[in-house]
Amino acid sequence: MQAKIAKVKQIIDQSNNIVFFGGAGMSTESGIPDFRSADGIYKQKYNYPPEQILSINFFKRHPDVFYDFLKEKVLTPILAAQPNQGHIKLAQMEKAGKLKAVITQNIDGLHQRAGSENVLQLHGSIKNNYCLKCGKNFSLDYFAKKEGTVYCDRCDGLIHPGAVLFGEPLDSMIMRKTKEYISLAEVLIVAGTSMIVQPAAALVNYYKGDKLILLNLTQVSNRRINYFLKGKAGELLSQLYTDT
Ligand code: OAD
Ligand code: ZN
């Protein structure tokens with residue numbers, strides 16, 4: 001393992017065109033549970049399967065159950081979290097001119113809080129809440145402080161949280177930029193994702209190089225991976241980038 005880490009570190013040291021693609025496993029070291037691990041959100045008991053709850057149809061049909069779940073399982077841990085050493089390393093790599101973009105499936109905003117500037121949030125952000133009826137935008141503050149289901153103060157419409165829900169398309173501009181960064185990258189670091197949720201996971205297939213590095217607690221099935229380091233993403237990133 002140490003030899004493998006040394007090899008990957010050398011690849012990272014030598015490149016100024018690295019792109020990062022991450023998922024929920026990037027934030028577990030900040031105390032936010034991921035979705036599909038043994039203690040992930042989807043393994044915790046609820047009256048409906050969580051993947052169903054986090055869908056646009058379910059949201060419109062049962063906003064109260066949706067909001068209850070969202071606040072307890074998603075927002076509360078996010079609001080209590082701080083960026084971890086992995087987020088900080090990535091921000092430092094960007095400042096050093098080595099990392100071109102952070103592409104994330106997470107909505108928690110921890111990359112930005114750690115100092116990353118070029119962050120593409122494929123699944124939205126907890127900051128961009130909006131009314132389904134009139135489109136008015138609502139801050140995280142307004143949204144998080146309200147008890148229960150959150151309605152618009154202008155038209156009483158239901159407020160859609162900033163996250164992209166199952167059954168909704170991803171932002172086409174963010175998708176386009178993601179494809180562009182990944183296809184031009186020399187090194188692609190993928191971390192903390194099960195790589196099963198589409199269309200996000202398939203975006204990795206735009207990578208054309210031979211330095212696709214996976215940092216994950218568990219192996220994932222993707223035959224494009226060139227180097228797999230098994231472990232915690234934050235801890236591994238700290239070992240892989242030490243030039244600060
Ligand atoms: P998952 O929960 O599916 O996968 C997280 C992966 O990270 C698993 O393979 C874990 O083994 C791994 N992991 C956990 N902690 C880790 C750590 N500290 N270091 C390295 N690896 C770690 O999460 P995602 O792949 O991000 O979408 O899930 C994708 C999407 O599914 C989410 O964006 C969300 C969810 O439904 C929506 O809600 C639309
Ligand atoms: Zn409204």
Side-chain angles (χ1 to χ4, degrees), residues 1-30 32-42 83-94 98-106 108 110-111 114 116 118-123 170 175 178-242:
M1 183 71 172
Q2 277 314 318
K4 218 163 153 190
I5 289 179
K7 170 70 192 161
V8 172
K9 183 170 188 310
Q10 189 185 32
I11 290 171
I12 288 174
D13 283 345
Q14 286 173 355
S15 181
N16 284 327
N17 182 9
I18 304 169
V19 169
F20 176 87
F21 180 96
M26 190 63 209
S27 295
T28 55
E29 287 161 84
S30 293
I32 302 173
D34 66 9
F35 294 92
R36 295 175 183 80
S37 289
D39 55 353
I41 289 175
Y42 289 170
N84 64 52
Q85 53 185 343
H87 297 110
I88 291 166
K89 283 288 168 185
L90 291 169
Q92 290 169 346
M93 284 163 75
E94 182 184 13
K98 296 176 69 63
L99 184 79
K100 299 297 175 206
V102 167
I103 298 155
T104 181
Q105 297 164 84
N106 301 345
D108 55 39
L110 291 180
H111 286 292
S116 285
N118 194 20
V119 182
L120 299 172
Q121 289 182 287
L122 287 168
H123 291 163
L170 304 194
M175 291 270 278
T178 294
K179 288 174 191 169
E180 212 169 281
Y181 278 113
I182 289 181
S183 63
L184 295 174
E186 183 196 3
V187 177
L188 180 63
I189 304 176
V190 176
T193 174
S194 56
M195 292 183 81
I196 57 176
V197 171
Q198 300 297 354
L203 294 170
V204 166
N205 297 331
Y206 283 85
Y207 179 61
K208 298 196 190 90
D210 59 358
K211 298 180 184 88
L212 198 166
I213 298 158
L214 174 70
L215 314 176
N216 218 60
L217 279 179
T218 50
Q219 176 63 286
V220 302
S221 61
N222 185 301
R223 51 196 172 75
R224 302 289 316 277
I225 295 159
N226 303 108
Y227 303 89
F228 170 44
L229 299 181
K230 188 176 163 69
K232 292 188 173 174
E235 286 177 8
L236 287 167
L237 283 165
S238 291
Q239 294 176 64
L240 293 171
Y241 184 65
T242 50

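Owing to the predicted nature of the structure, the values given are computational and were not obtained by experimental measurement.
The two residues Glu29 and Ala233 make their nearest non-hydrogen contact at OE2-N, 3.3 Å. The nearest pair of heavy atoms linking Ser30 to Pro83 is OG-C, 3.8 Å. Among all heavy-atom pairs drawn from Val119 and Ser116, the shortest one is CG2-CB, 3.6 Å. In terms of heavy atoms, Asn106 sits closest to Ser27 at ND2-OG, 3.5 Å. Of all the heavy atoms in Ser238 and Gln85, the pair that sits closest is OG-OE1, 2.9 Å.
Residue pairs satisfying the salt bridge (charged side-chain N to carboxylate O under 4.0 Å, His left out) criterion with at least one member in residues 193-204, sequence neighbours excluded, are absent. Identified under the side chain to side chain donor-acceptor pair (under 3.5 Å) test for residues 226-237, with sequence neighbours left out: none.
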Show me the donor-acceptor pairs, under 3.5 Å and distance only, between side chains in residues 12-25 and residues at least two apart or in other chains.
from: Asp13; atom 1: OD2; to: Lys9; atom 2: NZ; distance (Å): 3.1
from: Ser15; atom 1: OG; to: Asn17; atom 2: N; distance (Å): 3.0
from: Ser15; atom 1: OG; to: Glu186; atom 2: OE1; distance (Å): 2.6
from: Asn17; atom 1: ND2; to: Leu184; atom 2: O; distance (Å): 2.7

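Contact annotation: the side chain of Gln239 never approaches that of Lys89 to less than 4.5 Å [non-hydrogen atoms, C-beta and beyond]. Inter-residue side-chain proximity for His87 and Thr104 is flagged as unmet; no heavy-atom pair is nearer than 4.5 Å. With a 4.5 Å cut-off on side-chain heavy atoms, Leu122 and Leu203 count as touching. When side chains are defined from C-beta on, Met26 counts as touching Asn84, because their heavy atoms get closer than 4.5 Å. Side-chain contact between Val197 and Phe35 is absent, with no heavy-atom pair separated by less than 4.5 Å. Ile189 has its side chain within reach of Met93: a pair of non-hydrogen atoms, C-beta onward, lies under 4.5 Å apart. Side-chain contact between Val102 and Glu94 is absent, with no heavy atoms from C-beta onward closer than 4.5 Å. Contact of the Ile32 side chain with the Leu110 side chain is registered, since non-hydrogen atoms from C-beta on lie closer than 4.5 Å.
Atom CG in Leu99 sits 10.0 Å away from atom OH in Tyr181 (nearest 0.5 Å). To the nearest 0.5 Å, atoms CD1 (Ile103) and CD (Gln121) are separated by 12.0 Å. Taking CG of Leu229 as the start and CG of Leu236 as the end, the distance is 5.5 Å to the nearest 0.5 Å. Gln219 CD to Ser194 OG: the interatomic distance, rounded to the nearest 0.5 Å, is 12.5 Å.
A distance-only check finds a donor-acceptor pair linking the side chain of Asn216 to the backbone of Gly192 [under 3.5 Å]. Side-chain atoms of Arg224 never come within 3.5 Å of backbone atoms of Leu212 as a donor-acceptor pair (strictly under, hydrogens ignored).
For the side-chain contact (heavy atoms from CB on, under 4.5 Å) with Ile225, the lone residue among Ile213, Val204, Leu188, Leu214 that qualifies is Leu214. Of the candidates Asn205, Val190, Thr193, Asn205 is the only one forming a side-chain contact (heavy atoms from CB on, under 4.5 Å) with Asn222.
Other residues, nucleotides and ligands contribute more than 12 heavy atoms inside 6.0 Å of the CZ atom of Phe228.
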